[in-house]
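Working notes, structure below.
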Number of protein chains: 2
Amino acid sequence: MKEQAEIFKALGDPVRLEIIKLLLGKELCVCDILSAFKVSQPTISHHLKALKYAGLVNDQREGKWIYYSLAPEAFAQANAVLQEFAAKSVAKERGRTCE
Amino acid sequence: MKEQAEIFKALGDPVRLEIIKLLLGKELCVCDILSAFKVSQPTISHHLKALKYAGLVNDQREGKWIYYSLAPEAFAQANAVLQEFAAKSVAKERGRTCE
DNA sequence: TAGATATATAGATGATTGTCGATGTAATTT
DNA sequence: AAATTACATCGACAATCATCTATATATCTA
């Protein structure tokens, strides 16, 4: 189980967020992901590595191609955290112990 | 409405994530937040600024103290995004247009 | 086996970040 | 008014990051 902050950090980049949206419901090879961006191939590779490190994607080689897909467990975990945040984000009490 | 990546980036730090957890259901002044950490006061101030920039917290001065509270709208927005990700994170199709 | 294709890794660079001590500012207290 | 308290801002510094070009690796194809 990855650190919560690591997961959110991985989500905190526009390119990576777009990659994730591309992968919703699909499995894509790097070349297809690459063709959706204007950044270089190594940059995409770098972002995919970051997403994999955070546990957000899985990769699977098939011949010349490597297919990337989302890792549902990691998204379920992040979703659970944010769901609690959203539910409890309304402040009721006010605390102050300092003087 | 803040950029999605900005919100996740703000969530992607252990100290900021802890601050958020402290603020769940509560409104706290900086001194109380500070006393829960071992980092310096300017560091906490810096993180609160980052959270505020992302729209995740609101602040309200009251005499000497400034109270910070969570901003439910931002959390609802982030939650909605992750909910969709979690729901659609199971890959069904496989695409490849490159050769 | 020699090229071609798909992807990763290495190394460099400029930008951003997390942290700190020092200082500034606003409000309160004495 | 002077000191104190709560918090923010400034400036510095090391670490991390996003990006690139160049190169390496793995697989397929001719």
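Proteins come first, then strands; the chains are lettered A, B, ... in the order of their sequence lines, and each starts at number 1.
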**Q.** Salt-bridge present (Lys26(B), Glu93(A); N to O < 4.0 Å)
**A.** no
Q | Nucleotide interval of DNA chain D bounded by contacts with chain A (heavy-atom cut-off, under 4.0 Å) | A | dT5(D) to dC28(D)
Q | Contacting residues from residues 18-34 of chain A, given that a heavy atom lies under 4.0 angstrom of DNA chain D | A | none
(Q) Under 4.0 Å, heavy atom to any atom of DNA chain D: which of residues 60-68 of chain A qualify? (A) Arg61(A), Gly63(A), Lys64(A)
Q. Is the Phe8(B) ring parallel, tilted or perpendicular to the Phe8(A) ring (thresholds 30°, 60°)?
A. parallel
(Q) Run the side-chain contact (heavy atoms from CB on, under 4.5 Å) test on Tyr68(B) and Asn58(B) for me, step by step, so that the C-alpha distance in whole Å, both residues' side-chain angles and the decisive distance to 0.1 Å come before the verdict. (A) CA-CA 6 Å; Tyr68(B) 279 84; Asn58(B) 300 120; over 6 Å; no
Q. Would you say Ser45(A)'s side chain and Pro42(A)'s backbone share a donor-acceptor pair under 3.5 angstrom?
A. no
Q | Side-chain (Arg16(A)) to main-chain (Leu11(A)) donor-acceptor, under 3.5 angstrom | A | no
Q: Rounded off to whole Å, could you give me the CG-to-P distance for the Leu48(A) and dA8(C) pair?
A: 6 Å
**Q.** Closest heavy-atom pair and its distance - Ala5(B), Asp13(A)
**A.** CB-C, 3.9 Å
Q: State, to 0.1 Å, how close Ala54(A) and Glu6(A) come at their nearest heavy-atom pair, and which atoms those are.
A: CB-O, 4.0 Å
Q. For Arg61(B), what residues pass the salt bridge (Lys or Arg N to Asp or Glu O under 4.0 Å) criterion, not counting sequence neighbours?
A. none
Q: Please check if any side-chain donor atom of Gln4(A) sits under 3.5 Å from a side-chain acceptor atom of Lys21(B), or the reverse.
A: yes
**Q.** Common cluster, Val57(A)/Tyr53(A), ILVMFWY with side-chain heavy-atom separation under 4.5 Å
**A.** no
(Q) Is there a path of hydrophobic side-chain contacts, each under 4.5 Å between heavy atoms of I/L/V/M/F/W/Y residues, joining Val90(A) to Phe75(B)? (A) no
**Q.** Pairs meeting criterion side-chain hydrogen bond (donor to acceptor under 3.5 Å, both in side chains) with involvement of residues 29-38 of chain B, two or more places apart
**A.** Thr97(A)-Asp32(B)
Would you tabulate the nitrogen or oxygen pairs shorter than 3.5 Å linking the protein to nucleotides 15-20 of chain C?
from	atom 1	to	atom 2	distance (Å)
dT17(C)	OP1	Lys9(B)	NZ	3.4
dG18(C)	OP1	Arg16(B)	NH2	3.1
dG18(C)	OP2	Arg16(B)	NH1	3.3
dT19(C)	OP2	His47(B)	NE2	2.3
dC20(C)	OP2	Ser40(B)	N	2.8
dC20(C)	OP2	Ser40(B)	OG	2.9
dC20(C)	OP2	Thr43(B)	OG1	2.7

